[in-house]
Amino acid sequence: MTASTEGAERVIRRGLGLMLAGFAALAAVYLVALRFTPTERFQGLPQKIFYVHVPAAWCALLAFSLVGVGSILYLWLRDPRLDLFAESAAETGIVFSLVMLTTGPLWGKPIWGTYWTWDARLTFTLLLFFLFLGYRALRSAMHDPAERARYSAVVGILGMVLVPFVHLTVYLFPTLHPQPVVLKPSTPSLPGVMLRTLFLSLGSFTILLLGFLVTRYGLGREAEARGGSDGR
Amino acid sequence: MADLLRAAVAIAAKDLRVELRSRTALVSALGFAAMVLVIFNFARDSATVSREAMAPSVLWITFTFSAVIALNRSFALERENAALDALLLAPVSRTAIFLGKYLANLAFVFTIEAVALPLFVLFFGVSIRGVVSGILLTSVLATAGFVAVGTVFAAIAVRTRFAELMLPVLVLPFLLPPVIAAVQITSRLLAGRPMSEILGWLKILALYDLVFVTFCILLFPALMDE
């Protein structure tokens with residue numbers, strides 16, 4: 001075993017530790033959300049999904065920003081580790097986008113009466129998911145590591161630039177659907193005890209994101225250390 | 001600056017000359033645009049959806065999808081005989097290569113649009129009298145932005161497996177803002193709405209152009225490092 005695989009394994013162990021802590025915290029969130037947080041008066045039990053959905057959306061956006069930051073830093077410093085970091089963040093982002101895109105409709109059906117509507121925020125998050133997928137597809141279609149790193153960094157940066165534009169245009173888009181009664185509470189109107197559960201969940205999800213990210217990064221390092229230019 | 005532009009124009013002229021000699025890509029893209037228009041006409045329930053209601057969307061789907069398949073050509077033609085390496089060896093900056101490719105792609109896409117627009121008027125029976133300048137301005141503003149992004153992505157896609165598939169996967173999300181804005185403007189123009197309802201969308205298109213052309217100029221050289 002070489003020194004670099006040992007280093008990579010240390011990173012993986014750290015990542016797995018974080019993941020474990022994240023999952024434990026998530027279990028606590030479920031307990032607190034279901035047992036110790038009052039049920040919302042109008043929405044009833046479906047509102048509990050809020051404590052998973054919002055943190056997942058937050059993590060997806062965070063992961064997306066990390067891809068952008070990693071890409072900019074890569075083009076500047078040309079350190080392959082930054083490329084691996086951006087790749088790990090993108091894959092982590094796909095996971096959280098999927099959580100966001102599945103929990104959203106599950107809540108929407110009982111509350112809005114429909115699984116999907118072309119609401120600005122929904123369209124925006126779906127597009128975020130497509131950007132992640134495009135980024136991932138590009139990476140899997142290229143062999144040369146240095147070339148793949150440069151090309152995906154360019155896509156990562158352009159994707160980050162696109163996000164505010166999509167945000168702007170979909171918000172201005174006049175939707176033909178009748179606006180559903182948006183019962184989703186905004187933060188200031190949220191009672192303190194629910195806010196506490198939300199923050200607890202945000203914290204747990206962020207730890208989980210870090211766990212996924214570090215583990216994925218360590219696995220990438222290990223694959224590199226073992227040789228195989230296309231080991232990732 | 002003058003050198004940069006001269007080099008860019010030379011590269012664009014080379015691309016257009018290559019295209020004019022064979023005309024393969026242009027003829028295929030025009031045929032594609034015409035067929036999209038025909039399919040759209042039949043891909044609707046004529047009893048419930050009027051041609052007019054669908055017209056703006058049809059116009060922009062035709063423009064953008066034809067442009068995307070045409071953009072593949074831009075760097076695919078440099079792949080043969082490693083022509084890109086020769087271009088990179090030439091004493092011109094990477095920025096000039098981007099601008100040259102961008103200009104050639106713009107000329108190419110504008111040609112498609114110039115042919116598709118009269119066909120659209122003919123097939124969809126819409127009257128564009130009085131709003132021609134507005135539609136032209138919208139087309140220029142919308143096209144300028146997404147062709148810049150498309151040029152960068154064409155350079156990326158050509159180096160991947162499944163280049164023809166990779167380009168649309170990468171570029172379609174970037175078409176969303178210009179297509180939304182252009183469709184909103186076109187439908188308002190056709191409905192004879194006042195300028196004040198259009199101005200905001202025009203500003204978004206202009207901002208998109210400014211931001212993405214700048215970023216593409218800045219990022220393109222990173223693709224061409226060897």
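Numbered from 1 within each chain, the chains take letters A, B, ... in sequence-line order. Note that the structure is predicted; figures quoted are calculated from it, not measured. No hydrogens, no waters, no symmetry mates; every other heavy atom, side chains included, goes into these values.
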Engineer: Of all of A:Val166, A:Ile157, A:Val161, A:Val155, which one pairs up most often with chain B through heavy atoms under 4.5 Å apart?
Structural biologist: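 Result: the option with the highest number of such pairs is A:Val161.
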Engineer: Chain A contacts: which residues in residues 163-179 of chain B have a non-hydrogen atom closer than 4.5 Å to it?
Structural biologist: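 Within residues 163-179 of chain B, the residues under 4.5 Å from chain A are B:Met166, B:Val169, B:Leu170, B:Pro173, B:Phe174, B:Leu176, B:Pro177.
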Engineer: Answer with yes or no whether the side chains of A:Ser152 and A:Glu87 bring together a donor and an acceptor at under 3.5 Å.
Structural biologist: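 Their side chains do not contain a donor-acceptor pair, so the 3.5 Å distance test is not met.
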Engineer: Would you call A:Arg150-A:Asp144 a salt bridge at under 4.0 Å N-O?
Structural biologist: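 No salt bridge links A:Arg150 with A:Asp144.
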Engineer: Chain A heavy atoms under 4.5 Å from B:Ala157: which part of the residue, side chain, backbone, both or neither?
Structural biologist: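 Neither; nothing under 4.5 Å.
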Engineer: So for A:Leu127, is it side chain, backbone, both, or neither that comes closer than 4.5 Å to the heavy atoms of chain B?
Structural biologist: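 Just the side chain, heavy atoms under 4.5 Å.
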Engineer: Is it the backbone or the side chain of B:Phe220 that comes under 4.5 Å from a heavy atom of chain A, or both, or neither?
Structural biologist: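 For B:Phe220, neither part sits under 4.5 Å from chain A.
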Engineer: Decide yes or no on ring pair (Phe, Tyr, Trp, His ring centres under 6.0 Å) for A:Phe85 and A:Tyr217, but give the supporting numbers first.
Structural biologist: CA-CA 6 Å; A:Phe85 172 79; A:Tyr217 179 81; 7.1 Å; no
Engineer: Parallel, tilted or perpendicular: which fits the ring planes of A:Phe96 and A:Phe212, with parallel below 30° and perpendicular above 60°?
Structural biologist: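 Correct class here is tilted.
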Engineer: A:Asp83 and salt bridge (Lys or Arg N to Asp or Glu O under 4.0 Å): which partner among A:Arg78, A:Arg139, A:Arg221?
Structural biologist: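 Looking at A:Arg78, A:Arg139, A:Arg221, the match for A:Asp83 under the salt bridge (Lys or Arg N to Asp or Glu O under 4.0 Å) is A:Arg139.
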Engineer: What option among A:Leu131, A:Leu133, A:Leu158 has the most heavy-atom pairs under 4.5 Å with chain B?
Structural biologist: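 Winner by heavy-atom pair count: A:Leu158.
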Engineer: Is it the backbone or the side chain of A:Leu75 that comes under 4.5 Å from a heavy atom of chain B, or both, or neither?
Structural biologist: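 When you check distances to chain B, only side chain atoms of A:Leu75 fall under 4.5 Å.
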Engineer: For B:Phe40 together with B:Phe124, are the ring centres under 6.0 Å from each other?
Structural biologist: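 No, ring centres 6.0 Å or more apart.
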Engineer: Should A:Glu222 and A:Arg226 count as an ion pair when the cut-off is N to O under 4.0 Å?
Structural biologist: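 Salt bridge between A:Glu222 and A:Arg226, a charged N being under 4.0 Å from a carboxylate O: yes.
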Engineer: Begin with the C-alpha distance, continue with both residues' side-chain angles, and end with the deciding distance and a verdict on ring pair (Phe, Tyr, Trp, His ring centres under 6.0 Å) for B:Phe146 and B:Phe212.
Structural biologist: CA-CA 8 Å; B:Phe146 80 73; B:Phe212 276 100; over 10 Å; no
Engineer: Heavy-atom distances under 4.5 Å only: say whether B:Tyr208 touches chain A with side chain, backbone, both or neither.
Structural biologist: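 Contact with chain A: backbone and side chain both.
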Engineer: Side chains of B:Trp201 and B:Thr138: is there a donor and an acceptor less than 3.5 Å apart?
Structural biologist: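 Judged by distance alone, the side chains do not pair up.
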